Every structure is written in C-alpha cells, then in structure tokens.
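What you see is a predicted model; the values in this text were computed from it and never measured. Computed from heavy atoms alone, side chains included, the values below leave out hydrogens, waters and symmetry copies.
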Amino acid sequence: MKIAVTGKGGVGKTTLVSVLAGLYARDGKNVLAVDVDPDSNLGLALGFTESELESITPISEMSDLIAERTGSTKDSFGKFFKINPQVHDIPDKFAREKNGVRLLVMGTVETGGGGCVCPEHVLLKRIVSHLVVDGDSVVIMDMEAGLEHLGRGTAGMVDFFIVVTEPGSRSIQTYHRIKQLARDLGVKKVYVVGNKIRSDGDREFIESRVDADDLLGFISYSDDVIDADKREGSPFETGEAVISEIEAIKKKLG
C-alpha cells in the first residue's frame, strides 16, 4: 500500500502519518515512513529523540551519494548528468528504524526558483518513484502542500492521496488546489481527513465544503497530542481517543 499525505502547513499531516505508520507496524506490516516535507518533524512524531535525529542526514544533503548516483560534479548546472540514477538500495541503506517503523528523511532542494532540473531533485524524485512502484512495504509519505516530487506516472501509482484539512477556508482551498493538481497527474482518488475538530460546527464546516465521496473521517482536537509535541513525544503514545479515530480511518483504507 502506498499513501501520500498532504495539506497546508500546520494542519496535522505528521500526526496522521505517524499514527497510521504505528498502526500498520502494530499489524506486523513492513512500514516505511518517508519525510518529504521540508518543514516536517516526522522523526520526532515517530518517537526518535533529538540526538538520534541529529545523526540522520537528509538524502538531499548527501553530496557524495548524489554525485555517485547521478554522475554529477559540484557545478553541474547546465551540464550532463544521469536522470535515471540507481536508487533501489537507498531506502534499506539509509532508513532508520524506531518502534517497528522505518524512517527515510528526504530533505529538500534549496533553489531560487521552482521546478529545478538538478542532480539533487532528480535523485529525490527517482527515489519516490521507486518507493511507489516497487516492493511490498506499506509506504506512507509526509508530503509538503503540493506534489513536487511526484511525476505523472508516479502519482498514478499511489493507492491513496489524503489531504488533511482543518476547519478553515485556507485549508479547504488547499484541498481543492491539490485535488485539481492530482487530477492533472492522473490520480483517481483524493481523500480528505478533517483534523482538529472541536465541535459539530467544525464537522459541518468541512462537510459543506468537501465532496462527500472524498471525506474519509475526522480527528478530534486533542490536548494529549499537543502535550506530546511539547515533550517531543509520539502522538501514537497519546490517549486512545485519537488513536481509535485514526484506526477507523485506516480500516476505510483497507
């Protein structure tokens, strides 16, 4: 199963990814959680400590690896390099395991403009493509609010796109934008999870603005999740209320 979780910053993508990953791992699945969001803290949400995360170098910052796989040099702009590098061994080589879940930190490419064709970007995109189309792992990707690392062929192979929203107009606007972008890439199904729900009014706000067939479920606002974040703990170790809500979402995914 391959799942991409996206949405605007701060809506709770990482909470959903970390708990889903923990639930699949608890079922005995081989789970790979992929941090593709440059602003994400997926490692902390999975239970890694700060010191453990300091020893993890994002793939995008591994200059020697990038040079080796793409045949690039330090100054490759405007020059030739491989656009189909070998990546099949990278997840096993660089992923770190915690509580039954493997974490692969992708990082981001710092550029002056979007859509760069550079060795770093090519390698990251190729890794995502490999993860989506190969292997028998449950792969859950914590994405930025877009589909930058997914090409047309790759996006169509993802089993589920989940847009996490909160009761707010900007969050709903992001859902509609991502749904259109996903459709352009050949994605057949985009689901929505409403997060930080405090009242029936919050539910009704999202229900009135999201296609009924897209709505996968709701996650209540939780002080336990907030407290876990403050102490750099995992949401999977919080109260059963949020866990049970995400368990229900997982069952709908199959």
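- Figure legend: cation-pi geometry between R209 and F205, with NZ or CZ positioned under 6.0 Å from the six-membered ring centre and within 45° of its axis.
- Across every non-hydrogen atom of Y175 and D211, the tightest pair is OH-N, 3.5 Å.
- In terms of heavy-atom proximity, A33 sits nearest to V101 at CB-CG1, 3.9 Å.
- A donor-acceptor pair under 3.5 Å links the side-chain atoms of T174 to the main chain of R170, judged by distance alone.
- Counting only residues at least two apart or on different chains, the salt bridge (Lys or Arg N to Asp or Glu O under 4.0 Å) pairs with a member in residues 193-203 are E166-K196.
- Judged purely by atom type and a 3.5 angstrom limit, R96 has no side-chain atom pairing as donor or acceptor with the backbone of G43.
- When all heavy atoms of V187 and V190 are compared, the closest pair comes out as CG1-CG2, 4.2 Å.
- The backbone N or O of V139 lies less than 3.5 Å from no partner atom in the side chain of S137, so there is not a single donor-acceptor pair.
- A donor-acceptor pair under 3.5 Å links the side-chain atoms of N99 to the main chain of L46, judged by distance alone.
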Residues 246-254 side chain polar contacts: donor-acceptor under 3.5 Å, at least two apart:
residue	atom	partner	partner atom	Å
E247	OE1	R26	NH2	3.3
K250	NZ	D27	OD2	2.6
K252	NZ	L216	O	3.1

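- The closest donor-acceptor contact from the side chain of E52 to the backbone of T49 lies under 3.5 Å.
- Residues meeting the salt bridge (charged side-chain N to carboxylate O under 4.0 Å, His left out) test with K189, sequence neighbours left out: D214.
- Applying the salt bridge (charged side-chain N to carboxylate O under 4.0 Å, His left out) test to D89 and every residue at least two apart in sequence or in another chain returns R69, K93.
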Pair V210, I172 - check side-chain contact (heavy atoms from CB on, under 4.5 Å), show working. CA-CA 8 Å; V210 170; I172 297 297; 4.0 Å; yes
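- Residues passing the ring-ring contact (aromatic ring centres under 6.0 Å, His included) test with Y191, sequence neighbours excluded: F160.
- Looking at every heavy atom in both residues, S220 comes nearest to N195 through O-OD1, 4.5 Å.
- Between G107 and L124, the shortest heavy-atom distance links the atoms O-CD1, 3.9 Å.
- A donor-acceptor contact shorter than 3.5 Å is absent between the side chain of S60 and the backbone of E120.
- When the side-chain hydrogen bond (donor to acceptor under 3.5 Å, both in side chains) test is applied to D159, no partner is found at least two apart in sequence or on another chain.
- The number of heavy atoms from other shown groups lying within 6.0 Å of CD (Q173) does not exceed 12.
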Given D37 and M143, is the side-chain contact (heavy atoms from CB on, under 4.5 Å) satisfied, shown in steps? CA-CA 5 Å; D37 186 346; M143 311 285 291; 6.0 Å; no
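- Put simply, the side chain of S171 never gets that close to the backbone of G168: no donor and acceptor are under 3.5 Å apart.
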Stepwise side-chain contact (heavy atoms from CB on, under 4.5 Å) test for L32 and L131: CA-CA 9 Å; L32 179 65; L131 293 173; 3.5 Å; yes
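- In this structure, I66 CD1 and I59 CD1 are separated by 8.5 Å, a value rounded to the nearest 0.5 Å.
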